Amino acid sequence: MEPAAATALTQGPTSPAVLPPTPAHSFIVVNGADDRDAGIYSDNFYSQRMSPFRSALRRRMLPWVRSETTELAALQERWRTPFLDSYFTLTAFAGHPLFFVCIIPIMFWYGHSVFARGFVNVACVGVFVTSWVKDFLCLPRPLSPPLIRLSRSKRVHLEYGFPSTHTSNATSIALYLFSYLLISDWSVAAKILSICGLIVYLFSVVFGRLYCGMHTKTDIMGGTVIGVVVWAVQWAFRDSIDALMTDPSWKVVVGIIIGGIRLIQSIPETIDSCPCVDDGVTTMAVIMGVFPASQHFASSKYAASVDGYNGIVNYDAALGLPKSILRFVFGLAVVFTWRMAAKKLLYIVLPPLYRYYNLPSRVHFVPVKTYGNLRSQPIGRVPSVMDLQALADSSIEIVGPQSTMDIHEQFSQSRSSKRSSMHPGQSVEDYDIETKEHFGLRPSHASKARLAEQQQHQQHQQQPQQWMEQQQQEKSPAGSPSSLARLDGDGAKYETEVDESERIAMEKFEAEHPGWARFDVDIVIKTVVYAGIGWLAVDSIPIMFESFGLGTSHL
């Protein structure tokens, strides 16, 4: 969206042809005068805003996703128990990107640098690819109802469905760990137990996405394919990739930084306010920080070399348990402090720069022209720690739409199934009334009475033969040629009314579920903050260990 258009959405209409603006926190897409002829929330809602290829691909895949809703609802009804609800919602965090952001630094700090660098690649690349594809296709999650979405996260259900990031992550990481197990010197018994653990982990995350009503089998298959490809590339070229990450070369550093920025810029604009872009930016920023940090640390006097691999953080169990624990606490404290201080500082520095240089903003992000400054903006909880309060929350059932995307898909699915779901003798008017009742938009009795009077008046004005033909058509089974012909004619007549109902439903949802504000500066802030976390975890914090008596140089 052009800056002028974004401003128009927040400052109000400039002419009677422009629809009234939505509140500043609303993410409903309101058409301007230049595209009002396309309809506000018609079945062409996405195709009018996508490239022909992107729209055609989405249209081709959408029936696959929708067709699985009934089957997944039956699966939930058959399998659901309180224990499994808790189990699968808890194990879902083992496939969440933030889980790996938390544990990856620990791998570096305790001497597993080579393994950790490969782990960063398979985890972060997989998340970025799935986030990119999600934003490109804009495919919804399974509809709720009939499904009940089970989640302890407050926003994961707002993301698009295809492909499954949890599945991609779990697949690539399980294969990565399995590959290391095969070349390790562990005993046969230890390897078998570990492999069994990996199978349980993979099944828990992947099947859990179906059980929790978060993904379809199509989403799962897409995530699996991406996970396998990411693992295969990393494992096949692991030595070459690790050498690039540790050999001093300014060309590699410049290439990674420029390439990372370009990839972040390439993330498609979403049609809905989907937070998928956050994961894509976060993981790419981590890679942009880890690569140059690995090179810098490998050239420092604190790095060790083992079996031809460079840039390994020194760690020895002789350090003792108290100092080993303190090493962990100190490292996380530095990461948390950086995150809070950097975000607060950037909230002060970036808005004036955005305003002065008139920098562009993503569609669903609040542009700087609509707010003064963010000095008092809360920075929120540290994103690299599990939300313990959410883990303890027993309210994990989510029923009904969680975004305007869900509202649109339900209306769109209702329209597409109109031909097959009409009862014999049911008129289009009655069908549309039932559609509106499903979304809490039931017309008043007065409106129904007026509609009945109009129909009766029209019948009296018709010729007897025409009236008989109409009665015969209404008695025809749904789906017959006569019924479909009438449906096509009356459907066009009432299309505007149904679209208006969809718009009202979306506005009602937005009023009851205010969206969170995301600012245009957030993309740059996430890039800087998470690149800094990658740098700190790999380079700065291990050097601090040696300076503060938590390293091996003091043994």
Side-chain angles (χ1 to χ4, degrees), residues 27 46 50 54 57-58 61 65 92-101 104 119-141 151 153-173 205-206 209 214-216 218-231 233-234 259-290 362-365 383-384 402-403 405 516 518 522-527 529-531 533-534:
F27 296 113
Y46 291 94
M50 290 178 167
R54 186 181 176 190
L57 192 57
R58 181 185 187 277
M61 296 188 64
V65 176
F93 282 106
H96 196 280
L98 295 182
F99 174 75
F100 302 106
V101 173
I104 285 175
F119 197 99
V120 166
N121 293 333
V122 295
C124 292
V125 172
V127 172
F128 179 83
V129 173
T130 54
S131 299
W132 197 98
V133 176
K134 281 182 178 181
D135 286 354
F136 184 79
L137 293 175
C138 301
L139 287 167
R141 292 185 184 274
S151 177
S153 174
K154 294 183 178 181
R155 293 198 306 173
V156 67
H157 52 274
L158 300 179
E159 298 178 1
Y160 293 120
F162 180 90
S164 169
T165 299
H166 280 75
T167 301
S168 173
N169 246 347
T171 301
S172 61
I173 288 170
V205 174
V206 175
R209 306 318 288 158
M214 287 295 181
H215 285 287
T216 65
T218 303
D219 302 339
I220 297 299
M221 288 187 288
T224 300
V225 171
I226 292 175
V228 170
V229 172
V230 170
W231 159 78
V233 172
Q234 170 61 34
I261 293 174
R262 293 296 299 166
L263 286 173
I264 290 175
Q265 291 177 332
S266 74
I267 298 176
E269 289 280 6
T270 58
I271 309 304
D272 310 274
S273 181
C274 172
C276 302
V277 65
D278 296 343
D279 289 339
V281 173
T282 296
T283 50
M284 183 53 59
V286 170
I287 292 177
M288 292 166 62
V290 168
R362 293 182 70 89
V363 172
H364 297 289
F365 285 66
S384 55
Q402 277 78 56
S403 67
M405 175 184 65
W516 70 98
R518 294 190 294 168
D522 282 341
I523 296 295
V524 175
I525 288 176
K526 286 182 180 294
T527 303
V529 168
Y530 280 90
I533 290 176

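For clarity, every value in this text was computed on a predicted model and none was experimentally measured. Counting begins at 1 with the first residue of the sequence. All heavy atoms count here, side chains included; hydrogens, waters and symmetry mates do not.
- Counting all heavy atoms, side chain and backbone alike, Thr283 lies closest to Gly280 at OG1-O, 3.2 Å.
- Considering only heavy atoms from C-beta on, Ile287 stays 4.5 Å or farther from Phe128 through its side chain.
- Between Val122 and Trp231 the shortest heavy-atom distance is CG1-CA, 4.3 Å.
- Distance check, rounded to the nearest 0.5 Å: NZ of Lys134 to CD1 of Ile267 gives 12.5 Å.
- In this structure a side-chain-to-backbone donor-acceptor pair under 3.5 Å is present from His215 to Gly161.
- One N or O on the side chain of Arg141 and one on the backbone of Met214 form a donor-acceptor pair closer than 3.5 Å.
- Without hydrogens or angle criteria, Thr527 side chain to Ile523 main chain gives a donor-acceptor distance under 3.5 Å.
- Arg58 places no side-chain N or O within 3.5 Å of a backbone atom of Phe136 that could act as its donor or acceptor partner.
- Looking at Ser266, its side chain does come within 3.5 Å of a backbone N or O of Leu263 through a donor-acceptor pair.
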List the steps, then state whether side-chain contact (heavy atoms from CB on, under 4.5 Å) holds for Ile104 with Phe119.
CA-CA 8 Å; Ile104 285 175; Phe119 197 99; 3.7 Å; yes

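- Between the side chains of Asp279 and Thr282, no donor N or O sits under 3.5 Å from an acceptor N or O.
- For the pair Glu269 (side chain) and Val363 (backbone), a donor-acceptor distance under 3.5 Å is present.
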